Amino acid sequence: MGKENKTIKGIDGERRERQVDFIRANWNLLCTIAYRNFLEKGIGMVVVAEADFIHEKIAVVAKIRITYLNPQELIDGNIIGDQEKGWLETTDPESTLLIGFLRVEGTGFDSYRINGFSPNNPKSIFERSVLTK
């Protein structure tokens with residue numbers, strides 16, 4: 001039996017709040033990771049290990065496992081469901097961040113598709129990060 005796939009509707013309030021807080025606090029970094037990997041590997045999804053931050057008061061990004069998986073890796077790992085497969089087929093990585101959280105207890109995967117509007121979309125943030133280095 002595969003892992004349970006849930007989206008925002010199925011995420012309990014406290015867990016969703018912590019995940020959304022993490023995304024907000026790390027938006028620029030997550031967009032940079034996503035777009036850099038998109039350029040190198042093609043479409044995919046940023047995946048975060050929830051156990052690394054969910055019980056912390058402040059998520060320290062340096063201690064958090066963040067990876068980028070392509071559609072085949074996500075499917076082979078039995079991580080995503082039909083909704084996420086659809087997102088991978090239709091999402092514009094220049095303007096949209098796909099992110100998922102592997103749950104602490106290993107019982108599921110919570111995913112989000114978030115549109116960013118210029119100048120706060122993945123491509124614009126990535127380009128600014130490259131220019132400032």
Side-chain angles (χ1 to χ4, degrees):
M1 183 170 165
K3 290 187 179 181
E4 176 184 340
N5 291 301
K6 298 241 178 178
T7 59
I8 291 174
K9 292 179 208 162
I11 303 171
D12 68 69
E14 186 177 333
R15 171 174 268 134
R16 179 183 183 281
E17 184 177 325
R18 290 290 292 142
Q19 291 173 349
V20 171
D21 286 349
F22 176 83
I23 293 168
R24 283 186 184 129
N26 297 291
W27 178 253
N28 287 351
L29 176 64
L30 295 168
C31 285
T32 301
I33 290 168
Y35 199 74
R36 176 184 300 120
N37 279 281
F38 163 69
L39 293 175
E40 294 173 5
K41 303 175 184 178
I43 192 73
M45 180 180 281
V46 174
V47 178
V48 179
E50 182 185 73
D52 294 346
F53 76 90
I54 202 73
H55 299 297
E56 300 297 323
K57 289 184 180 180
I58 298 174
V60 180
V61 175
K63 296 181 180 181
I64 295 174
R65 292 168 283 172
I66 300 174
T67 191
Y68 184 86
L69 299 175
N70 67 39
Q72 198 58 52
E73 292 168 322
L74 291 161
I75 292 167
D76 290 349
N78 198 26
I79 296 171
I80 61 172
D82 290 337
Q83 177 170 279
E84 292 86 1
K85 289 176 189 174
W87 290 351
L88 289 162
E89 293 170 1
T90 61
T91 293
D92 176 4
E94 291 186 4
S95 62
T96 306
L97 173 68
L98 296 179
I99 183 168
F101 295 91
L102 294 170
R103 286 194 178 176
V104 173
E105 62 277 355
T107 60
F109 183 74
D110 300 321
S111 58
Y112 300 81
R113 179 172 70 173
I114 306 166
N115 292 321
F117 299 97
S118 188
N120 292 312
N121 60 21
K123 181 180 180 184
S124 298
I125 291 170
F126 171 78
E127 288 173 344
R128 282 196 308 274
S129 75
V130 171
L131 292 175
T132 58
K133 289 183 179 185

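All residue numbers in this chain count up from 1 along the given sequence. Everything quoted here is computed from the prediction, not taken from an experiment. The figures here come from the full heavy-atom set of this structure, side chains too, leaving out hydrogens, waters and symmetry mates.
Here the side chains of Ile79 and Leu102 are in contact, with some heavy-atom distance below 4.5 Å. Residues Lys123 and Ser118 are not in side-chain contact: their nearest non-hydrogen atoms beyond the backbone lie 4.5 Å or more apart. Asp110 has its side chain within reach of Gln19: a pair of non-hydrogen atoms, C-beta onward, lies under 4.5 Å apart. Counting heavy atoms from C-beta outward, Arg113 and Thr90 have side chains that approach closer than 4.5 Å.
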Could you go through the side-chain contact (heavy atoms from CB on, under 4.5 Å) check for Lys85 and Ile75 one step at a time? CA-CA 8 Å; Lys85 289 176 189 174; Ile75 292 167; 3.9 Å; yes
Test log, rule side-chain contact (heavy atoms from CB on, under 4.5 Å), inputs Tyr112 and Leu97: CA-CA 8 Å; Tyr112 300 81; Leu97 173 68; over 6 Å; no
For Tyr35 and Ile125: C-alpha separation, side-chain torsions, deciding distance, then whether side-chain contact (heavy atoms from CB on, under 4.5 Å) applies. CA-CA 9 Å; Tyr35 199 74; Ile125 291 170; over 6 Å; no
Passes side-chain contact (heavy atoms from CB on, under 4.5 Å), Phe109 versus Met45? Steps please. CA-CA 12 Å; Phe109 183 74; Met45 180 180 281; 3.6 Å; yes
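Asn70 places no side-chain N or O within 3.5 Å of a backbone atom of Gly44 that could act as its donor or acceptor partner. Side-chain atoms of Glu127 do not come within 3.5 Å of backbone N or O of Ser124 as any donor-acceptor pair.
Here Ile114 contributes atom CD1 and Cys31 contributes atom SG; the two are 8.0 Å apart, rounded to the nearest 0.5 Å. Between the CZ atom in Phe38 and the OG1 atom in Thr91 there is a gap of 11.0 Å [rounded to 0.5 Å]. Separating the CD1 atom in Ile43 from the CD atom in Glu89 is a distance of 10.5 Å, to the nearest 0.5 Å. Interatomic distance, CZ of Phe126 versus CG of Leu39, reported as 5.0 Å (0.5 Å rounding). One distance of note links CD1 of Ile33 with OH of Tyr68; it measures 11.5 Å at 0.5 Å rounding. For the atom pair Leu69 CG and Leu74 CG, the distance stands at 4.5 Å (nearest 0.5 Å).
A donor-acceptor contact closer than 3.5 angstrom links the side chains of Thr96 and Asn115. Counted by atom type alone, Asn121 and Glu94 present zero donor-acceptor pairs between their side chains at under 3.5 Å.
Among Arg18, Arg103, Arg15, the one residue that satisfies the side-chain hydrogen bond (donor to acceptor under 3.5 Å, both in side chains) test with Glu50 is Arg15. The side-chain contact (heavy atoms from CB on, under 4.5 Å) test with Ile66 is passed by exactly one of Val46, Asn26, Val47: Val46.
Between Phe53 and Phe22, the ring planes lie parallel to each other; the angle is under 30°, not in the 30° to 60° tilted range.
Remark: Glu14 CD is loosely packed, at most 12 non-hydrogen atoms of other residues, nucleotides or ligands lying under 6.0 Å away.
What you find for Ser129 and Thr32 is that their closest heavy atoms are OG-CG2, 3.6 Å.
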